[in-house]
Protein chains: 2
Amino acid sequence: MRYDGAMTEPVPWLDARERAAWLRLAAMVELLPGTLSQQLERDADLSHFEYYVLAMLSEAPDRTLAMSALAQRTNATLPRLSHVVRRLENRGLVERSGCPTDRRVTMAHLTPAGWDLVVDTAPGHVRHVRSLILDGLTSEQVDQLHEITAAILDRIDPRGCMVDFYTDPADTAGGTAAADGAPEAKTA
Amino acid sequence: MRYDGAMTEPVPWLDARERAAWLRLAAMVELLPGTLSQQLERDADLSHFEYYVLAMLSEAPDRTLAMSALAQRTNATLPRLSHVVRRLENRGLVERSGCPTDRRVTMAHLTPAGWDLVVDTAPGHVRHVRSLILDGLTSEQVDQLHEITAAILDRIDPRGCMVDFYTDPADTAGGTAAADGAPEAKTA
DNA sequence: GCGCATTGGTTGACACTTCAACCACTGCGG
DNA sequence: CCGCAGTGGTTGAAGTGTCAACCAATGCGC
């Protein structure tokens with residue numbers, strides 16, 4: 001399983017700048033998920049991923065989405081989503097039902113209780129995201145972060161599955177009032 | 001467990017720019033760990049975290065570090081590290097031994113087999129990191145990434161535990177030839 | 001209309017992380 | 001020198017993610 005004993009090509013080692021940037025990125029990727037989940041677990045007994053699932057449903061038309069569509073929007077594999085939705089269903093936050101037109105498909109629907117939970121949880125979560133990420137960055141850095149993450153995602157997730165749902169300039173004018181996709185209160 | 005029913009303070013919602021940057025960051029944080037581990041698992045049957053542990057040991061004086069020091073350098077909790085090191089020890093890549101001066105402390109030492117594995121694996125890993133992250137960014141963006149991640153880490157990890165070990169300008173001149181801390185071949 | 005590959009989704013087993021409890025040791029206050 | 005709080009580390013149980021296997025339904029080729 002060794003990589004390749006012979007020196008096939010000179011390895012383009014990282015220089016100090018690259019190394020420092022990469023080590024910090026790695027540290028952030030390691031630390032951020034836990035930090036995000038802590039606040040949500042305390043306030044709503046939800047992991048960040050669970051919140052994400054509920055939030056995406058809360059924004060969908062009819063608060064309903066096919067499992068595979070939901071998986072794309074949440075960057076999850078289908079098995080993972082299936083397990084999580086089952087747990088959320090047991091808590092009465094989500095309901096599953098078959099799709100009449102294509103009976104392979106399972107639709108996930110946000111219940112009123114699930115909606116209420118998202119509505120109650122969103123403000124605190126937005127505040128938390130703001131205080132962790134955005135408050136420490138200048139306006140230029142937010143734009144830079146946007147560009148950089150877009151570039152990296154292109155290479156990590158070639159199909160660009162997720163991520164580009166809310167990039168459409170349609171609502172750029174109105175100013176979407178959501179983090180992770182908080183519910184749009186007006187449509188409630 | 002609802003967040004806070006009453007409208008205490010107006011929630012500073014995210015605008016379109018902030019939201020887009022945040023959603024991409026969240027997606028990246030979700031997707032990157034798996035992508036990183038895949039390559040290492042294929043080439044060396046190591047998760048990214050396991051590689052990180054071996055790499056940090058490979059750079060330490062005498063290739064040895066106390067468990068708690070190693071935990072800091074790898075952004076891990078002590079229980080997590082303890083489990084992982086036990087597995088690595090079972091594979092003969094690491095050895096544990098008591099510390100004579102403070103008998104509470106456990107020292108973790110990289111075995112020759114562990115060293116060889118890191119040496120063989122590092123080039124492929126560096127190439128992978130380069131192709132995933134750095135090749136898609138301009139030189140300016142690498143610096144921006146450095147600044148942005150530093151700012152975020154300040155807020156996530158107030159104690160700044162890890163991360164600042166290799167920021168010291170001492171070796172900026174020599175150009176450390178490491179990603180995640182690959183072994184410094186010259187010292188071998 | 002009959003195969004058959006493909007899609008959508010679920011399940012169970014296994015691996016890993018987290019959390020709380022716990023033990024051993026240190027070092028400080030009296 | 002004793003008691004005790006704090007540190008360093010390990011362990012086992014419980015929760016979560018991943019992977020492979022599987023099933024049902026679709027729709028295409030013929």
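Chain letters run A, B, ... following the sequence lines, proteins first and then strands; every chain starts at 1. As a basis for the values below, the full set of heavy atoms in this structure was taken, side chains included, without hydrogen atoms, waters or symmetry mates.
- The phosphate of C:dC23 has neither OP1 nor OP2 within less than 4.0 Å of any side-chain N or O from B:R104.
- Phosphate contact (OP1/OP2 of C:dG9, side-chain N/O of A:S82, threshold under 4.0 Å): absent.
- In the set D:dT16, C:dC16, D:dT10, the nucleotide with an atom closest to the side chain of B:T106 is D:dT10.
- Residue A:V105 has its side chain nearest to C:dG8 when only D:dT11, C:dC25, C:dG8 are considered.
- Each of D:dT10, D:dG9, C:dT11 was ranked by its minimum atom distance to the side chain of B:R96; first place goes to D:dT10.
- With a 4.5 Å cut-off on side-chain heavy atoms, B:Q141 and B:Q144 count as touching.
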CA sep, side-chain torsions, deciding dist, call: B:L14, A:L134, side-chain contact (heavy atoms from CB on, under 4.5 Å): CA-CA 9 Å; B:L14 270 37; A:L134 298 167; 3.9 Å; yes

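- Between the side chains of A:H83 and A:R86, a donor-acceptor pair is found at a separation under 3.5 Å.
- Across the protein-nucleic acid pair, B:F49 atom CZ and D:dT18 atom P stand 17 Å apart, rounded to whole Å.
- Look at CG on A:L32: it is 18 Å from P on C:dT17, rounded to the nearest Å.
- To the nearest 0.5 angstrom, B:N75 atom CG is 11.5 Å from B:L81 atom CG.
- Along DNA chain D, the nucleotide closest to A:R103 and the one closest to A:V84 are compared, and the more 5′ of them pairs with A:V84.
- In the model, A:R17 has a side-chain atom that pairs as donor or acceptor with a side-chain atom of B:S139 under 3.5 Å.
- B:E41 places its CD atom 10 Å from the C1' atom of C:dA15, with the value rounded to the nearest Å.
- In this structure, B:Y51 atom OH and C:dC16 atom P are separated by 19 Å, rounded to whole Å.
- Look at CG on A:L31: it is 15 Å from C1' on C:dT18, rounded to the nearest Å.
- Residue A:L81 contributes atom CG, which lies 14 Å from atom C1' of C:dT11 at whole-angstrom precision.
- Within the 4.0 angstrom heavy-atom criterion, no nucleotide atom of any strand lies near B:S47.
- One interatomic measurement links the two molecules: CD of B:Q38 to P of D:dT18, which rounds to 10 Å at whole-angstrom precision.
- Listed candidates were C:dA20, C:dT11, D:dG9. Nearest to the side chain of A:H83 is C:dT11.
- For A:D102, taking side-chain heavy atoms from C-beta onward, the closest of the listed nucleotides C:dC16, D:dG8, D:dA25 is D:dA25.
- Atom C1' of nucleotide C:dT17 and atom CZ of A:R80 are separated by 13 Å, given to the nearest angstrom.
- The phosphate of C:dG9 has OP1 or OP2 within less than 4.0 Å of a side-chain N or O from A:S68.
- Dashed line: the shortest gap from a side-chain N or O of B:R86 to OP1 or OP2 of D:dG12 is not under 4.0 Å.
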